[in-house]
Amino acid sequence: MFRGSSFHTIDPKGRIIIPARFRDVIKASGIDSIMITRMDRCLFAYTHDQWGKLEQKILDLPEKSEAMRRFQRTFIGGAHDCKCDAQGRVLIPPFLKQYSKLDKEIVLVGVTARFEIWSRENWDQENELMEKDLSDDQVRREIAQLGI
């Protein structure tokens, strides 16, 4: 599982360093590459086994609305297999880099079955939204149901 956050930079060629604890999860999956796609102003990165499970769930949906077909086009159609190099780096495809506004400072966030790659600016905005969410009684009740 991917857990924790790391602050890094993206180099001018579009490469990012994957933290060692994330590389360990990737290597344990048996394939030294990850599937990266876009969502929520950031990039979602999955091991190939997790990606396969997710794709199957999407394909198994009984009914596919127009909105779901658009989602498939962008989420699955925009996914790329990105190999880890010997230094533990991954090259982010240019259109994914542009979508997520990855410029210099980035944040990698483990979210159990995937990790997310955020621009520092988008990550800071996301944290502000979370703080705002925490002032909502409904959100606080949902979180309290988790025992937190």
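Positions are given from 1, in the same order as the sequence printed here.
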What about V111 and I117, same hydrophobic cluster or not, with Ile/Leu/Val/Met/Phe/Trp/Tyr joined at side-chain heavy-atom distances under 4.5 Å?
no

Minimum heavy-atom separation for R21 to S6, with atom names?
NH2-OG, 2.8 Å

Are L43 and I106 connected, step by step, through hydrophobic side chains (Ile, Leu, Val, Met, Phe, Trp, Tyr) whose heavy atoms are closer than 4.5 Å?
yes

I would like to know whether I26 and F2 meet side-chain contact (heavy atoms from CB on, under 4.5 Å); could you show each step before the answer?
CA-CA 9 Å; I26 295 165; F2 297 105; 4.1 Å; yes

Run L59 and Q72 through side-chain contact (heavy atoms from CB on, under 4.5 Å) and show every step you take.
CA-CA 9 Å; L59 291 172; Q72 284 180 295; 4.1 Å; yes

Atom pair OG1/NZ of T47 and K53 - distance to nearest 0.5 Å:
7.5 Å

Is it true that the side chains of D81 and S33 contain a donor and an acceptor less than 3.5 Å apart?
yes

Checking the side chain of D40 only, and the main-chain atoms of C42 only, is there a donor and an acceptor separated by less than 3.5 Å?
no

Is any side-chain heavy atom of P19 closer than 4.5 Å to one of L108?
yes

From S135 atom OG to M130 atom CE, the distance as rounded to the nearest 0.5 Å:
10.0 Å

So, do V109 and F115 sit near enough that their side-chain heavy atoms are less than 4.5 Å apart?
no

Side-chain donor-acceptor pairs under 3.5 Å in residues 140-148, sequence neighbours left out?
unit_1: R140; atom_1: NH1; unit_2: L134; atom_2: O; d: 3.1
unit_1: R141; atom_1: NH2; unit_2: Q138; atom_2: OE1; d: 3.1
unit_1: E142; atom_1: OE2; unit_2: Q138; atom_2: NE2; d: 3.2

Is there a path of hydrophobic side-chain contacts, each under 4.5 Å between heavy atoms, that joins I10 and F95?
yes

Taking all non-hydrogen atoms of both residues, which atom of G4 and which atom of F22 are closest, and how far apart?
O-CZ, 3.8 Å

Going only through I, L, V, M, F, W and Y residues with side-chain contacts under 4.5 Å, is there a path from I36 to V107?
no

Which atom of K97 lies closest to which atom of P12, heavy atoms considered:
NZ-O, 4.3 Å

Donor-acceptor contact present, side-chain T37 to main-chain F75, <3.5 Å
yes

Would you find more than 12 non-hydrogen atoms of other residues, nucleotides or ligands less than 6.0 Å from D103 atom CG?
no

Check the pair Y46 / I34 against side-chain contact (heavy atoms from CB on, under 4.5 Å), numbers first and verdict last.
CA-CA 6 Å; Y46 296 89; I34 52 178; over 6 Å; no

Counting only heavy atoms not in I17, do more than 12 fall under 6.0 Å of its CD1?
no

Whether over 12 other heavy atoms sit under 6.0 Å from Q125 CD:
yes

Tell me if the aromatic rings of W118 and F44 count as close, with their centers under 6.0 Å from one another.
no

N127 side-chain N/O to W123 backbone N/O, donor-acceptor pair under 3.5 Å:
yes

Carefully, step by step, assess F71 and E66 under the rule side-chain contact (heavy atoms from CB on, under 4.5 Å).
CA-CA 9 Å; F71 168 74; E66 190 175 327; over 6 Å; no

Kindly compute the distance separating CD1 (I58) from CE (M68), expressed to the nearest 0.5 Å.
7.0 Å

If I take atom OG1 from residue T74 and atom CE from residue M39, how far apart are they, to the nearest 0.5 angstrom?
7.5 Å

CG of D32 to SG of C82, rounded to nearest 0.5 Å, is 12.5 Å

Is a donor on one side and an acceptor on the other found under 3.5 Å between the side chain of N122 and the backbone of R41?
yes

Side-chain donor-acceptor pairs under 3.5 Å in residues 83-92, sequence neighbours left out?
unit_1: D85; atom_1: OD1; unit_2: Q87; atom_2: N; d: 2.9
unit_1: D85; atom_1: OD1; unit_2: G88; atom_2: N; d: 3.1
unit_1: D85; atom_1: OD1; unit_2: R89; atom_2: N; d: 2.8
unit_1: D85; atom_1: OD2; unit_2: R89; atom_2: NE; d: 2.8
unit_1: D85; atom_1: OD2; unit_2: R89; atom_2: NH2; d: 3.0
unit_1: Q87; atom_1: OE1; unit_2: R89; atom_2: NH2; d: 3.0

Please report the interatomic distance CG(L54) to CE(M35), rounded to the nearest 0.5 Å.
10.5 Å

